[in-house]
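Step one of this worksheet: look at the structure below.
As the structure is a computational prediction, the values presented were derived from the model and not from experiment. To find a chain, count down the sequence lines: A is the first, B the second, and so on, and within it residues start at 1. The figures that follow rest on heavy atoms only: side chains count, while hydrogens, waters and symmetry mates do not.
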Amino acid sequence: MKYWLAKTEPEEYGWDDLVASEDAMWNGVRNYAARNNMQRMAKGDPVFIYHSGKKPAIVGIAEVSRPHYDDPADPTGTWSVVNVRAKQKLKHPVHLSTIKKNKVFAESSLVKNSRLSVHELSEDQFNEVLSLSEKAIN
DNA sequence: GCCAACGTTGGC
DNA sequence: GCCAACGTTGGC
């Protein structure tokens, strides 16, 4: 099992939209590194949903409900999508500022490549996010 | 709103 | 194949 994090702009499509749609096609990724990560997702892998923007933070957990397939909106066949399903909102959002201060994430692409929209996390990092989400101030 | 970092494009 | 110019993303 692998662990993932997918970024989204909450004004465009946020956690609440994902909950409402029940099973959503995660589309619009137009970056090779992010696409390659999506192609490595397996059904059932956990995916943190991250809101970028004013208060960047991880807000909830979803899971891959369908592994990658061709983006139906892309006639060239270059880009992929997956389907994800919301599982659980985090008790408290885990802010990027917290992640940056935490040495477990020092080598993470979350810190080193802020522009990447789909990241893989280690098991330790995944568990650290879960643990941080239990704290009101993080 | 600004700007740094990154990715892509296109000229050579 | 290199690299300058440009566009975009996302944190602050």
Take A:Asp71 and A:Arg30 through the test salt bridge (Lys or Arg N to Asp or Glu O under 4.0 Å) and record every step on the way to the result. CA-CA 10 Å; A:Asp71 184 343; A:Arg30 291 293 182 270; 3.1 Å; yes
Heavy atoms under 4.0 Å, any strand shown: does A:Lys55 hit a base, just sugar-phosphate, or nothing? nothing
Sub-6.0 Å ring centroid separation between A:Trp79 and A:Tyr32: yes
is_close_aromatic(A:Tyr3, A:Phe48), centroid dist under 6.0 Å: no
Whether each nucleotide of nucleotides 7-12 of chain C has a protein heavy atom under 4.0 Å at its base (B), only at its sugar-phosphate (S) or at neither (-) is summarised, 5' to 3', as BBBSSS
Assign the ring pair A:Tyr13 / A:Trp26 to parallel, tilted or perpendicular, where the plane angle (0 to 90°) is split at 30° and 60°. perpendicular
Figure out the CG/C1' separation between A:Asn113 and B:dC6, and round it to whole Å. 7 Å
If you measure from the Lys or Arg side-chain nitrogens to the Asp or Glu carboxylate oxygens, is any gap between A:Glu11 and A:Lys54 under 4.0 Å? yes
